[in-house]
Amino acid sequence: KKILYSVFPAIVFIIYAVVSFAACTIGDNTISDEYGNMNITYGEDGIIRNGTEYYTYQVENGSIGVVSVCIAKKAGRIDIDIYPTDCKDDTNYKGRDLDSATFSVVLSEANEYKVCITVKDFVGEYEISWKTEEK
C-alpha cells in the first residue's frame, strides 16, 4: 500500500500531462475564436506563438482600470495595443517589438477597452492581468 500511495501522485501527474499535451496538439495547434487567432508550435527553445489574441475589460463610472503586463521574451516579436473597443484609433497604449518588461497602463475613463497582443515567432511568456480601483 505504501508504494501505491507514493506512486499515485506521479501517475496522476503523468495522466494530466499527457491529456494536456494531447489537447494542445489537436488539429493545427490554432486557438481561434472571438479572442483572436493564435498559432502555437513547439520548437527546441519552447513554445513558438504566431498570431493575435484579444482581451476585453470594462471600466465603470467612478473607477479606474489597471492593465498589468509582464513579458519574459526569449525571441521573436510582441506588440501590445490597448484602446477603447468603440474607437481603435484612440489608443491608450501602443508598444511595438517589446523586450522583457513589467509595466501597467491606467485607464481612467469609463468605457470598454480591448487589449490586443500580436506575436510573431515569439518564444517566451507573457501575462496580462486586470484590476479595477476606486477613483
Side-chain angles (χ1 to χ4, degrees):
K1 284 186 173 182
K2 286 183 180 182
I3 293 174
L4 180 60
Y5 286 121
S6 64
V7 175
F8 182 74
I11 293 171
V12 170
F13 174 77
I14 291 169
I15 292 170
Y16 174 77
V18 169
V19 170
S20 296
F21 182 75
C24 291
T25 58
I26 292 172
D28 63 355
N29 297 326
T30 299
I31 301 168
S32 180
D33 55 24
E34 70 271 11
Y35 298 107
N37 186 350
M38 184 66 66
N39 185 300
I40 299 170
T41 57
Y42 302 93
E44 62 185 49
D45 293 331
I47 294 173
I48 303 167
R49 293 178 175 89
N50 284 287
T52 303
E53 64 180 328
Y54 302 96
Y55 298 95
T56 304
Y57 303 106
Q58 182 69 41
V59 177
E60 302 294 335
N61 284 325
S63 296
I64 61 170
V66 180
V67 178
S68 297
V69 178
C70 182
I71 302 168
K73 177 178 151 181
K74 292 181 183 178
R77 179 183 175 106
I78 182 168
D79 299 337
I80 298 178
D81 293 309
I82 302 172
Y83 54 88
T85 56
D86 59 355
C87 187
K88 186 175 181 177
D89 295 331
D90 188 17
T91 304
N92 294 79
Y93 176 82
K94 183 182 281 194
R96 296 291 177 261
D97 200 10
L98 299 169
D99 284 322
S100 294
T102 300
F103 60 91
S104 296
V105 177
V106 176
L107 306 170
S108 57
E109 300 293 321
N111 206 337
E112 183 178 72
Y113 292 89
K114 187 171 277 194
V115 177
C116 175
I117 301 111
T118 304
V119 291
K120 174 81 174 134
D121 298 327
F122 181 82
V123 178
E125 299 296 326
Y126 58 88
E127 181 180 342
I128 308 295
S129 60
W130 168 259
K131 69 178 178 178
T132 57
E133 300 174 352
E134 296 294 318
K135 276 190 177 181

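- When all heavy atoms of Gly95 and Asp81 are compared, the closest pair comes out as N-OD1, 4.5 Å.
- A search for salt bridge (charged side-chain N to carboxylate O under 4.0 Å, His left out) contacts involving Asp121 returns nothing, not counting sequence neighbours.
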Exercise. Yes or no on side chain to side chain contact (heavy atoms under 4.5 Å, CB included) for Thr102 and Ile71, after CA distance, side-chain angles and deciding distance?
Worked result: CA-CA 6 Å; Thr102 300; Ile71 302 168; over 6 Å; no

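- For the pair Asp97 and Ile78, the minimum side-chain heavy-atom distance is 4.5 Å or more.
- Residues satisfying the side-chain hydrogen bond (donor to acceptor under 3.5 Å, both in side chains) test with Glu44, not counting sequence neighbours, are none.
- In terms of heavy atoms, Ser108 sits closest to Ile64 at CA-CG2, 3.8 Å.
- Side chains of Met38 and Phe122 form no contact here, defined as non-hydrogen atoms less than 4.5 Å apart.
- With sequence neighbours excluded, no residue forms a ring pair (Phe, Tyr, Trp, His ring centres under 6.0 Å) with Tyr83.
- In this structure, Ile82 and Thr91 have side chains that are not in contact, with every pair of non-hydrogen atoms separated by 4.5 Å or more.
- Scored by the ring pair (Phe, Tyr, Trp, His ring centres under 6.0 Å) test, Tyr113 finds no partners at all (sequence neighbours excluded).
- Evaluation of the side-chain contact (heavy atoms from CB on, under 4.5 Å) rule for Ile47 yields Ile40, Tyr42, Arg49 as partners, not counting sequence neighbours.
- Screening residues 60-72 for side chain to side chain donor-acceptor pair (under 3.5 Å) gives Ser68-Ser104 as the qualifying pairs, with residues at least two apart or on separate chains.
- By the side-chain hydrogen bond (donor to acceptor under 3.5 Å, both in side chains) test, Glu125 pairs with no residue at all, sequence neighbours left out.
- Annotation: side-chain contact (heavy atoms from CB on, under 4.5 Å) contacts of Thr85 (sequence neighbours excluded): Thr56, Glu112, Lys114.
- Within the 4.5 Å cutoff, side-chain heavy atoms of Tyr93 are placed close to those of Ile80.
- Legend: residues meeting side-chain contact (heavy atoms from CB on, under 4.5 Å) with Asp99, ordered by chain and number and at least two apart, are Lys73.
- Residues Val67 and Leu107 are in side-chain contact: their nearest non-hydrogen atoms beyond the backbone lie under 4.5 Å apart.
- Remark: Lys74 engages Val123 in a side-chain contact (heavy atoms from CB on, under 4.5 Å) (not counting sequence neighbours).
- Counting heavy atoms from C-beta on, the side chains of Thr52 and Asn37 never come closer than 4.5 Å.
- Put simply, Val59 and Val106 are part of two different groups of oily side chains (I, L, V, M, F, W, Y) that touch within less than 4.5 Å, one to the next.
- The salt bridge (charged side-chain N to carboxylate O under 4.0 Å, His left out) check on Glu133 picks up Lys131, with sequence neighbours excluded.
- Applying the side-chain hydrogen bond (donor to acceptor under 3.5 Å, both in side chains) criterion to Asp45, with sequence neighbours excluded, gives no partner residue.
- Val66 places none of its side-chain heavy atoms less than 4.5 Å from the side chain of Tyr57.
- Put simply, OG1 on Thr41 and CD1 on Ile48 are 4.0 Å apart, with the number rounded to the nearest 0.5 Å.
- Listed here is the closest heavy atom pair of Pro84 and Asn111: CB-ND2, 3.5 Å.
- Within the 4.5 Å cutoff, no side-chain heavy atoms of Leu98 are placed close to those of Tyr126.
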